[in-house]
Amino acid sequence: MPFTITIDGPAAAGKGTVSKAVAAHFGFAHLDTGLLYRAVGAKVLTGAEPIAAAQTLQPTDLENPDLRTQTVAQEASKVAVIAEVRSALTDFQRNFAAQGPGSVLDGRDIGTVICPNADVKLFVTASAETRADRRYKELKERGADVTSEGVLEDVIARDTRDRERATAPLIAAEDAVTIDTSGMTIEEAVAAAIAAINAKRG
Ligand code: DC
């Protein structure tokens, strides 16, 4: 049986970094499911209809270099509210999780909706200020024209929309282990995740 690890949490909590490191540690495949919603959002920004964009999404759409911008992130959060967009992306994520020897999927609804029977579920979070500060530094390093206040507003707006939507809202699964990375370095967050997984693996 393939081993599945789900890592959910709000924007910029460190899910991506932790997921990549965990996948490398265990020799598992990694899927950043936010990229799927970002790719749909990017298509909508160029005039596509959201449901059709999700239904016709191609692997090459995930290679668009603009997917990491704030504009695309906001649009991703908006298209993610649409139930038909979410259902169009479900099979791809479940098929990814079915591969051996194991996989790590990060997102918002992986432990609750996509892989409710996952072997280990983590909920990685941090205060809004910590997350905005990290995202601000990351965007600045990439040369983006952003302010720290703007990034904080953006993160809060996205979290609120992701948490309050009717379909598959952002919420920790009942059986998830929560890791608050607010006061942690990347190394500490990765170590905490690996320890939580090893504890569950037995
Ligand atoms: O993880 P991210 O910041 O790249 O995600 C971008 C947006 O996509 C996020 O604000 C909400 C949506 N999303 C989702 O609804 N469900 C997921 N599993 C992953 C992302």
Side-chain angles (χ1 to χ4, degrees), residues 4-20 22-23 30-45 50-51 53-54 57 61-97 103-116 118 121-126 128 130-139 142 144 146 150-173 176 179 181 189:
T4 310
I5 300 169
T6 66
I7 305 190
D8 291 303
K15 297 187 305 288
T17 312
V18 169
S19 302
K20 276 193 208 96
V22 162
H30 168 230
L31 179 66
D32 168 2
T33 67
L35 267 191
L36 303 174
Y37 293 91
R38 285 173 183 257
V40 174
K43 286 191 152 199
V44 169
L45 287 171
I51 299 170
L57 204 68
D61 294 328
L62 306 182
E63 290 160 19
N64 175 348
D66 296 334
L67 298 186
R68 292 283 164 209
T69 64
Q70 270 186 293
T71 314
V72 170
Q74 283 296 345
E75 196 59 35
S77 169
K78 288 179 191 163
V79 300
V81 170
I82 306 167
E84 292 87 346
V85 165
R86 307 198 68 85
S87 61
L89 303 175
T90 300
D91 283 353
F92 179 82
Q93 296 172 81
R94 289 195 177 141
N95 289 338
F96 190 93
S103 57
V104 180
L105 287 85
D106 76 90
R108 302 291 188 290
D109 64 334
I110 311 302
T112 49
V113 175
I114 301 296
C115 302
K121 300 178 185 178
L122 303 182
F123 192 79
V124 174
T125 187
T130 304
R131 293 185 287 115
D133 191 50
R134 288 180 189 157
R135 185 50 52 93
Y136 173 72
K137 287 185 183 137
E138 194 184 305
L139 289 165
R142 287 211 305 269
V146 289
V151 175
L152 178 61
E153 269 173 33
D154 206 74
V155 160
I156 291 173
R158 206 140 66 86
D159 284 353
T160 308
R161 195 184 299 111
D162 295 347
R163 285 199 170 102
E164 293 182 355
R165 67 179 176 228
T167 310
L170 166 66
I171 187 171
I179 299 175
T181 67

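Both counts, for ligands and for their atoms, begin at 1 and track the order of listing.
- Residue Arg161 does not touch ligand 1, judged by heavy-atom distances below 4.0 Å.
- For atom 19 (C) of ligand 1, the nearest non-hydrogen atom from the set Asp159, Thr33, Asp32, Thr6 comes from Thr33.
- Nearest to atom 12 (C) of ligand 1 by heavy atom, out of Ala157, Ala80, Pro169, is Ala80.
- Remark: the backbone N or O of Ile7 is not paired with any side-chain donor or acceptor of Asp106 at under 3.5 angstrom.
- At least one N or O atom of Asp162 sits closer than 3.5 Å to an N or O atom of ligand 1.
- A donor-acceptor pair under 3.5 Å links the side-chain atoms of Thr181 to the main chain of Ala13, judged by distance alone.
- For atom 3 (O) of ligand 1, the nearest non-hydrogen atom of the protein is Arg158 NH1, 3.0 Å.
- With rounding to the nearest 0.5 Å, the separation of CD1 in Ile5 from SG in Cys115 is 11.5 Å.
- The parts of Arg108 lying near ligand 1 are both backbone and side chain, judged by heavy-atom distances below 4.0 Å.
- Contact annotation for Arg165 and ligand 1: only side-chain heavy atoms (C-beta onward) come within less than 4.0 Å of the ligand.
- Within the structure, the salt bridge (charged side-chain N to carboxylate O under 4.0 Å, His left out) test picks out the following pairs touching residues 32-45 (sequence neighbours left out): Asp32-Arg68, Lys43-Asp61.
- Polar contact check, Tyr37 against ligand 1: no nitrogen or oxygen pair lies under 3.5 Å apart.
- Checked against a 3.5 angstrom limit, the closest N/O atoms of Arg86 and ligand 1 fall inside it.
- Ligand-side atoms of ligand 1 in range of Asp109: 16 (N), 17 (C), 18 (N), range being under 4.0 angstrom from any heavy atom.
- For ligand 1, the polar-atom distance check finds an N/O of Arg38 within less than 3.5 Å of one of the ligand's N/O atoms.
- We find the CD1-NZ distance between Ile110 and Lys15 to be 10.0 Å, quoted to the nearest 0.5 Å.
- A salt bridge does not link Arg135 with Asp154: every distance from a Lys NZ or Arg NE/NH1/NH2 to an Asp or Glu carboxylate oxygen is 4.0 Å or more.
- The two atoms that bring Val104 and Phe96 nearest to each other are O-CE2, 4.4 Å, heavy atoms only.
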* Report the C-alpha separation of Ser77 and Arg161 in whole Å, then their side-chain angles, then the decisive distance to 0.1 Å, and conclude whether the side-chain hydrogen bond (donor to acceptor under 3.5 Å, both in side chains) test is met. => CA-CA 7 Å; Ser77 169; Arg161 195 184 299 111; 2.7 Å; yes
